[in-house]
Amino acid sequence: MTTKEKNPTMGHQHFFIVFTCLLLILSILVGCSPSTEDLEAIDYSPLSGDDWKVSTPEEQGLDPMLLAELYQDAAELETLYGLLVIKNGHLIAEGYFNGGWVEQLSARQSVTKSYTSALVGVALDQGCLSSVDQKMMDFFPDFANQIDDPRKEQITIRDLLQMRAGYPDEELTPSYLDILFFSGNWHHVPHLVDFPLVSDPGIEFSYSNLTSHLLGAIVARACDTDLKSYAQEHLFSPIGAKVGGWSSDADGYNFGEFEIYVTARDMAKFGLLYLGDGEYEGNQVISSDWVRDSLQRYSENIKVGEWITSRYGTFRDLGYGYQWWSSRVGKHQFDYAAGHGGNYIILLDELDMIIVTTADPLKGPELAAGGGWEFEGAINELVGKFIKSLPNQ
């Protein structure tokens, strides 16, 4: 046999090896995909209760297999507590994991910011506040003589709502994060003096927990109340919900930025309020103008630090309104409230759908240094995968 001649046996052996490898890969892929029988066995039926209209995915025009796959994936996550899906005003899917339950109250972290924003709107409706263009320092005259940066005198409620007051992003500046949350100093309002501005007011987006806390303190001072009782009377009771708890700073101000305790179902009611332009069961709880203004995009293409990018997972095209985020997955645009750990209220207006997740916000080591974000990222990926699978309306 010359060197130019081919050995047919060698060719057959090569084909057999390639074919065997392809079969192996296919079997692995098939093994990873749930069968129809497996999906049909997953129960995500809403629990009994009279606080929600209950329906099925089929009745609301949604493929039940999409939800079955969502809940199968959800069962694999170790920090997810609750997962709810609302379609056309009906609760169509509900499930709890890792010790979560229907009445569970745990800290929803920065979801609190969206509640604080709503209370600013309520205060405007009630006349406690006259305009979002009122100056921040008008509400803190006791600190006026301590201000050494005149730019702070120009900060407005609007700037605070949009995260454009100029205060630093503490999550990207460990020293400020330590002062707020790990130093043991829970007198937060005075930091309006000693926290420096990193940009002129109204110019640049900077995600600031202090900014949200000052918003809450403004509502409390302007309305001569505390956020928790004010929220219960004017926001929660009108939608049949309850503030389960709301932590306070050392001066008695409920935290405007985190530590509200609300059940998953009550979070969904809050989402339904915003999806309904501020109306809930025929009652205009918040003005439709406020909801519209809150869900506008005042900042777009927001960039975040590399050490927390995992928490945004599949979410793209990040924008920010009045303490509400906005984003995109696939062809679907949505607004959402977001809290550390994977606590979400997601509003898919085009689909008349709400997705709520509750989760452990404290899982993972060294939270001050950015630890634990992978757990939030996993929940983000879960929700993003589901949103991407949804058909266009």
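Below, each value reflects all heavy atoms present in this structure, side chains not excepted, and no hydrogens, waters or symmetry copies.
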Identify all side-chain donor-acceptor contacts of residues 115-122 below 3.5 Å with residues at least two apart in sequence or on another chain.
| residue | atom | partner | partner atom | Å |
| --- | --- | --- | --- | --- |
| T116 | OG1 | T112 | O | 3.2 |
| T116 | OG1 | G256 | O | 2.8 |
| S117 | OG | Y322 | O | 2.8 |

With a 3.5 Å distance limit and no angle check, can you tell me whether Q146 reaches the backbone of P190 through a side-chain donor-acceptor pair? no
Distance check, rounded to the nearest 0.5 Å: E170 atom CD versus L177 atom CG? 7.0 Å
Treating N145 as the side-chain partner and D142 as the backbone partner, does any N or O pair qualify as donor plus acceptor under 3.5 Å? no
Determine the interplanar angle of the Y44 and Y71 rings, folded into 0 to 90°, and report it as parallel if under 30°, tilted if 30 to 60°, perpendicular if over 60°. parallel
Do side-chain atoms of T56 reach the backbone of E59 as a donor and acceptor pair under 3.5 angstrom? yes
Donor-acceptor pair, distance only, cut-off 3.5 Å: does the side chain of K242 make one with the backbone of Q232? no
Pair E94 + R265: basic N to acidic O under 4.0 Å: yes
Identified side chain to side chain contact (heavy atoms under 4.5 Å, CB included) partner of Y167 from the options L214, V198, N209: L214
Between atom CD of Q333 and atom CD1 of I387, what is the distance when rounded to the nearest 0.5 Å? 11.0 Å
If you compare all heavy atoms of V383 against all heavy atoms of I346, which two are closest, and at what distance to 0.1 Å? CG1-CD1, 3.3 Å
Check each of F334, Y320, Y298 against W325 using the ring pair (Phe, Tyr, Trp, His ring centres under 6.0 Å) test, and report the only one that passes. Y320
Judged by atom type as modelled, is there a donor-acceptor pair below 3.5 Å linking the side chain of S237 to the main-chain atoms of E233? no
Dump the intermediate steps for salt bridge (charged side-chain N to carboxylate O under 4.0 Å, His left out) on D335 and R297, then the final yes or no. CA-CA 10 Å; D335 302 291; R297 284 183 148 225; over 6 Å; no
Sequence neighbours left out, cut at 3.5 Å: what donor-acceptor pairs do the side chains of residues 128-135 make with other protein atoms?
| residue | atom | partner | partner atom | Å |
| --- | --- | --- | --- | --- |
| S130 | OG | Q134 | OE1 | 3.2 |
| S131 | OG | D133 | N | 2.9 |
| D133 | OD1 | R158 | NE | 2.9 |
| D133 | OD1 | R158 | NH2 | 3.0 |
| D133 | OD2 | R158 | NH2 | 3.0 |
| Q134 | OE1 | S130 | N | 2.8 |
| Q134 | OE1 | S131 | N | 3.3 |

If you look only at distance, which donor and acceptor atoms sit under 3.5 Å apart when one is on a side chain in residues 80-91 and the other is two or more places apart or in another chain?
| residue | atom | partner | partner atom | Å |
| --- | --- | --- | --- | --- |
| K87 | NZ | L351 | O | 2.5 |
| N88 | ND2 | Q60 | OE1 | 2.9 |
| H90 | ND1 | N88 | O | 2.9 |

Enter the distance from L160:CG to H213:NE2 here, rounded to the nearest 0.5 Å. 12.5 Å
Return yes if some donor-acceptor pair links the side-chain N/O of Y207 with the main-chain N/O of P168 below 3.5 Å, else return no. no
Considering residues, nucleotides and ligands other than N392, do more than 12 of their heavy atoms fall under 6.0 Å from its CG? yes
Heavy-atom closest pair, residues G319 and I302: C-CD1, 3.9 Å
Interatomic distance, OG@S206 vs CD@Q162, rounded to 0.5 Å, equals 13.5 Å
Just checking D224: does its CG atom have more than 12 heavy atoms from other residues, nucleotides or ligands closer to it than 6.0 angstrom? no
Residue list, salt bridge (Lys or Arg N to Asp or Glu O under 4.0 Å) with D249, at least two apart or on another chain: none
Atom pair CG (L180) and OG (S208), whose distance is rounded to the nearest 0.5 Å: 7.5 Å
Holding to side-chain contact (heavy atoms from CB on, under 4.5 Å), I want the full list of residues that pass it with L105, two or more places apart in sequence or in another chain. Y261, T263
Atom pair OG/CG of S114 and L347 - distance to nearest 0.5 Å: 9.0 Å
Between D226 and S229 (side chain of the first, backbone of the second, donor and acceptor by atom type, cut-off under 3.5 Å), is there such a pair? yes
Closest heavy-atom pair, T358 versus M267, reported as atoms and distance to 0.1 Å, is CG2-SD, 3.6 Å
Grouping I, L, V, M, F, W and Y whenever their side-chain heavy atoms are under 4.5 Å apart, do F140 and I147 come out in a common cluster? yes
I'd like to know whether E259 forms a salt bridge (charged side-chain N to carboxylate O under 4.0 Å, His left out) with R108, so could you lay out the CA-CA distance, the side-chain angles of the two residues, the decisive distance to 0.1 Å, and finally the verdict. CA-CA 6 Å; E259 290 282 320; R108 304 310 179 203; over 6 Å; no
With distance as the sole test, does R328 use its side chain to make a donor-acceptor pair with the main-chain N or O of D317 at under 3.5 Å? no
Holding to salt bridge (Lys or Arg N to Asp or Glu O under 4.0 Å), I want the full list of residues that pass it with K388, two or more places apart in sequence or in another chain. none
Are D149 and R151 ion-paired here, with the side-chain N under 4.0 Å from a carboxylate O? yes
